[in-house]
Amino acid sequence: MIVRLKPGSDPDAVQRELAQRGLWVRRFEGTSGVTLTIEPSSRRVSAEELRAIDGVLDVAAPRSPHPRLDAQPRELTLRGVVSQEPLLIAGPCAVESAEQVEAVAARVAAAGGQLLRGGAFKPRTSPYAFRGHGVRALGWLADAARKHQLACVTELMSEEDAAAVGEVADWIQIGCRNMQSYSLLAAAAKLGRPILLKRAMSASLEEWLLAGEHCLVHGAPQVVFCERGIRSFDPSTRNLFDISAIALLSQVYRQPVIADPSHAAGRRDLIPALSRAALAAGAAGLLLETHDTPGAALSDGPQALLPHEFASLTAELGWASRPIAPRAGERPAPAPRVLESLP
Ligand code: PEP
Ligand code: MN
């Protein structure tokens, strides 16, 4: 941000005032006077706050590269109503059978979860690994969710499955491997549901935000970011859980962000600690994998919470049994702010 000073004002006094507000200021002396800049890694500050400082004439700021995200509501919405937070999204990694997902749905509902998760189409590193039961599993997921009054979220991997996923999913998950598959983002957005956008393994925060902007450009009503860990040099955990990204996204960029400690840790024993840390950092909810018999799971067994672990963690974190249908007192989702001139 560039701060121009009023003729005759005292640049030292303005610079001192900015520094006292915790801003990182640089000073340029030119033939037309002094200009101060606020460096971007300093705290976020509004142009209004700066203009109100004695001696400041005007403030110039670069245009935001993601104006639609800046304007989208931060509150999470489920079926068009603002959802209670924190939100609990839980279920198995993969939908393995009608019975399996129904049993997990019963536990998720009893724990106070709002969304049942489960993959029908599984992105697997090896082509020989279990890749999901496809459209059949979408039906099992939808039936289990309906039976237990849960909403559901499942991953869309391919544009050709968009219509089938759109039939059942309240939220559309875009997995980390597809965060930058822009035509898939467009197809997901056109379904008109909130998109749960997982962070790619090596995506910068800005790349992730811009992928979210793609979704909004193509008509998604909301983008919910999901931090699931990033690639690091250290294989001790499956991924490096980026708590800073959760804090930045939620507190500085004011975006809705869900934390997925399951895929970050890759092992169930770390999930309680990472869950607490994520909520403390500002996550609006958690995505947790759980399985009745993790040792027999067709994918991601080591990170699936056992039933008693899931029950005690969700109880500790304060989720209580509650229906997801809108109730008296719950507010309708706010309409996104209308922006005047968008690029
Ligand atoms: C998942 O949610 O099961 C999944 C495959 O996630 P990610 O894209 O984060 O690996
Ligand atoms: Mn998984």
Checklist entry - Going from CG on D12 to CD on E17, what distance comes out if it is rounded to the nearest 0.5 angstrom? => result 13.5 Å
Checklist entry - Crowded around R231 CZ? As in, over 12 foreign heavy atoms under 6.0 Å? => result no
Next on the checklist: Using every non-hydrogen atom in the two residues, find where R268 and P294 come nearest and quote the distance to one decimal.
Outcome noted: NH2-CB, 3.1 Å
Checklist entry - Which atom pair, heavy atoms only, marks the closest approach of N239 to R228? => result ND2-NH1, 3.4 Å
Checklist entry - So, for V95 and F130, which heavy atoms are closest and what is the spacing to 0.1 Å? => result O-CZ, 4.4 Å
Checklist entry - If you round to the nearest 0.5 Å, how far is NE2 of H291 from CD of Q303? => result 11.5 Å
Checklist entry - Mind checking whether T154 and F121 have side chains closer than 4.5 Å, heavy atoms only? => result no
Checklist entry - Should we say atom CZ of F28 is surrounded by more than 12 heavy atoms from elsewhere, each under 6.0 Å from it? => result yes
Next on the checklist: Looking at Y253, I'd like to know if the NZ or CZ of R44 sits under 6.0 Å from its six-membered ring centre while staying within 45 degrees of the ring's axis.
Outcome noted: yes
Item to check | Separation of I258 CD1 from I89 CD1 (nearest 0.5 Å) | outcome: 4.5 Å
Next on the checklist: Under a 3.5 Å distance rule, please check whether R27 uses its side chain to pair with a backbone N or O of Q15 as donor and acceptor.
Outcome noted: no
Item to check | Those residues that, when tested against E160, pass salt bridge (charged side-chain N to carboxylate O under 4.0 Å, His left out) (two or more places apart) | outcome: none
Checklist entry - Hey, does the side chain of N178 reach the backbone of S181 with a donor-acceptor pair shorter than 3.5 angstrom? => result no
Item to check | For A151 against A145, the heavy-atom pair lying closest together | outcome: O-CB, 4.2 Å
Checklist entry - In Å and rounded to the nearest 0.5 Å, what is the CG to CG distance from L249 to L209? => result 5.5 Å
Checklist entry - What closest approach, in Å, do S275 and L313 show between heavy atoms, and which atom pair accounts for it? => result OG-CD2, 3.8 Å
Item to check | Salt-bridge criterion met for R117 and E289 (N-O under 4.0 Å) | outcome: yes
Next on the checklist: Assigning hydrophobic clusters by single linkage (Ile, Leu, Val, Met, Phe, Trp, Tyr; side-chain heavy-atom cutoff under 4.5 Å), is L210 placed with Y182?
Outcome noted: no
Checklist entry - Can you name the one residue among Q255, E206, E213, H214 that meets side-chain hydrogen bond (donor to acceptor under 3.5 Å, both in side chains) with H66? => result E206
For residues 47-59, dump all side-chain donor-acceptor pairs below 3.5 Å to protein atoms at least two apart in sequence or in another chain.
{"from": "E49", "atom 1": "OE2", "to": "R21", "atom 2": "NH1", "distance (Å)": "3.3"}
{"from": "E49", "atom 1": "OE2", "to": "R43", "atom 2": "NH2", "distance (Å)": "2.9"}

Next on the checklist: My understanding is that only residues two or more places apart in sequence, or in another chain, count here; which of them pass salt bridge (charged side-chain N to carboxylate O under 4.0 Å, His left out) with R26?
Outcome noted: E39
Checklist outcome for this item: Heavy atoms of A200 and I230 approach each other most closely as O-CG2, 4.0 Å
Next on the checklist: Run the side chain to side chain donor-acceptor pair (under 3.5 Å) test on S232 and D234 for me, step by step, so that the C-alpha distance in whole Å, both residues' side-chain angles and the decisive distance to 0.1 Å come before the verdict.
Outcome noted: CA-CA 5 Å; S232 94; D234 187 349; 5.7 Å; no
Item to check | N/O donor-acceptor pair under 3.5 Å between K122 side chain and A129 backbone | outcome: no
Checklist entry - Between D300 and R238, is there a salt bridge with N-O shorter than 4.0 Å? => result yes
Next on the checklist: Tell me if the CZ atom of R276 is crowded by more than 12 foreign heavy atoms within 6.0 Å.
Outcome noted: yes
Checklist entry - Should we count CZ of R124 as having more than 12 external heavy atoms under 6.0 Å? => result yes
Checklist entry - Can you say whether the rings of F225 and W208 are parallel (under 30°), tilted (30 to 60°) or perpendicular (over 60°)? => result perpendicular
